Amino acid sequence: MMPALAAQRRGCRGLYRLYLRCQAAPRPRACHGWKVSMKSGSLSYILPCNRLPVQLMSQVRVYTSNGQKKDLGSQDTNGSARGETLHKVETGQDTTNAGQKQSSPKQPIQVKVKPVLKKREYGPKYTQNNFITGVRAINEFCLKSSDLDQLRKIKRRSPHDDTETFTVYLRSDVEAKSLEVWGSPEALARERKRRKEAEIKYRENLFRNQRLLWEYKEFFGNTKPRSSTAAMFFKGPGKVVMVAICINGLNFFFKLLAWVYTGSASMFSEAIHSLADTCNQALLALGISQSARTPDPSHPYGFTNMRYIASLISGVGIFMMGAGLSWYHGIIGLLHPHPVESLLWAYCILAGSLVSEGATLLVAINEIRRSARAKGLSFYQYVVQSRDPSTNVVLLEDAAAVLSVAVAATCMGLTSLTGNPYYDSVGSLGVGTLLGTVSAFLIYTNTEALLGRSIEPEQLQRLTEFLESDPVVRAIHDVKATDMGMSKVRFKAEVDFDGRVVTRSYLEKQDIEQLLQEIQQVKTLEELEAFMLKHGENIVDTLGAEVDRLEKDLKQRNPDVRHVDLEIL
């Protein structure tokens, strides 16, 4: 009996040493379950895995030889089982050392809180830091220029290319000054309403005065020098259009006389063709004069598309008036043929039309060749891309006129030789088909131009490479270059700027020693905030200056680029 009891005590002592060793060992990771079983004499027990983080004595379970399970250190409410087990195993020096280790106090947890700035709530509408120009301050807040002299003046970068800086005012200062001048917001609102009514009355009087001035000019004559709009019709596309109007007007008159004399369907088609050309070219002249208007607030990009609009309407007019009437007259001739009278005068008029239309065609061809050579394009590319819609219309109309004269002369000759009037009607249908083809081409090319087509891929690649070669640019995304017409390109891209290069560009303009002294003087959070706000705003201004520089360089290297929008990514 004594040897068995001694063996049982030795087993309990070894088990407790192992438990204390597990308590002192590091705890790498958790492992679930009991994996090691040991025997000592008549005592068998199961040990937990060495990766189990032992926290409580209830994790060690002892099985005696009689099959009874005992939990060491169970946390029952009465505490009897835990006291009995500890009484059995607390013997020797090891248990004393373990008790000292367990009684050592735990280190307190220290949490370091980082100081942060309080977030400012600006609300849905915040205008205290807005800048406005002097013109806006006078117009919107009903102030005088003398009132602005008392306010703070701030120099900012100018958005215009002709000036570097301009003067602005804080909106809060202007609002306070307007309240000081007018006394209350209600009085300011009444003054705005009064000025609005005065402006409407001024515009009505201006319109009336313009009408009186126009009547005065008609009565006494206009002695002013020729305007720039009138000078447009003495060179370039305007000259081509004016020559075409004069020649086609004379052709229409003589062809109409020939049709009345002969009754030829082909001659009627030719007369209608010349009338359509004259009306369409008059419409082109109107488009050229309107395209020279300066941009206004309602049309900030100008009126250059008026040439394309006039050309589009011209193409529709050719189709409806020229092709439609020619087809109609040809079909009537086929259904109700009638003999054709002497064609001698018709041949003479057609010959004269061939010479005049050919002369106009040569003028249009020379103008297109000169313009295509200046743009570095071929004759075919210049015509297909509709670079100059007015000249294109004259070119195609005159080319169709020359071909239609040939078709009409051939059909009228067959009619005079065979005496069959059907040839003359077929000639009318052929002229109508030719006009319909020309009108379809004009409608397609001008519609493409008005929709805003992209520029050539090679030109777009050159613009992108120019921006990417700048050290301040990291990458270019979402590039769009639209041909606005008349060799005017609008370029837009999202640019990923290198903040380090921008900051270095700002630091190169600063006194580094003075900047270092400012940094050393920063002691509190308020001083740090003021330092960061000051130089942060200056760095943002430097980024804006870099954007302006890129836009200016892009316009100088590519004269076709008139509008540049670089968005910061």
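Only this structure's heavy atoms are used, side chains among them; waters, hydrogens and symmetry mates stay out. All values reported here derive from a predicted model rather than from experimental measurement. We're numbering straight along the sequence, starting at 1.
When side chains are defined from C-beta on, E567 does not count as touching V495, because their heavy atoms never get closer than 4.5 Å. Within the 4.5 Å cutoff, the side chain of D565 has no heavy atoms near those of the K480 side chain. Residues F491 and N558 form no side-chain contact, since every pair of their non-hydrogen atoms from C-beta on lies 4.5 Å or further apart. Side-chain atoms of L550 and V472, non-hydrogen and from C-beta on, do get closer than 4.5 Å to each other.
At least one donor-acceptor pair under 3.5 Å links the side chain of D498 to the backbone N or O of R500. A donor-acceptor pair is defined here as one N or O able to donate and one able to accept, closer than 3.5 Å; no such pair exists between the side chain of R474 and the backbone of P471. With S371 contributing its side chain and E367 its backbone, the two residues share a donor-acceptor pair below 3.5 Å. Side-chain N or O atoms of N392 include one that pairs as donor or acceptor with a backbone N or O of V383 at under 3.5 Å.
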Under 3.5 Å, which donor-acceptor pairs link side chains of residues 176-193 to any protein atom two or more places apart or in another chain?
from: K177; atom 1: NZ; to: Q150; atom 2: OE1; distance (Å): 2.5
from: S178; atom 1: OG; to: V174; atom 2: O; distance (Å): 3.4
from: S178; atom 1: OG; to: E175; atom 2: O; distance (Å): 2.7
from: W182; atom 1: NE1; to: C142; atom 2: O; distance (Å): 3.0
from: S184; atom 1: OG; to: A187; atom 2: N; distance (Å): 3.3
from: E191; atom 1: OE1; to: R194; atom 2: NE; distance (Å): 3.3
from: E191; atom 1: OE2; to: R194; atom 2: NH2; distance (Å): 2.6
from: E191; atom 1: OE2; to: R195; atom 2: NE; distance (Å): 3.0
from: R192; atom 1: NE; to: E140; atom 2: O; distance (Å): 2.6
from: R192; atom 1: NH2; to: E140; atom 2: O; distance (Å): 2.8

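Applying the salt bridge (charged side-chain N to carboxylate O under 4.0 Å, His left out) definition to pairs two or more places apart or across chains, those involving residues 457-471 are D470-R549. Applying the salt bridge (charged side-chain N to carboxylate O under 4.0 Å, His left out) test to pairs two or more places apart or on separate chains, none has a residue in residues 438-450. Residues in residues 143-153 take part in these salt bridge (charged side-chain N to carboxylate O under 4.0 Å, His left out) pairs, two or more places apart or across chains: R152-D173.
Not counting sequence neighbours, the partners of F303 by the ring pair (Phe, Tyr, Trp, His ring centres under 6.0 Å) test are H299. Judged as a ring pair (Phe, Tyr, Trp, His ring centres under 6.0 Å), and not counting sequence neighbours, the contacts of F531 are H535.
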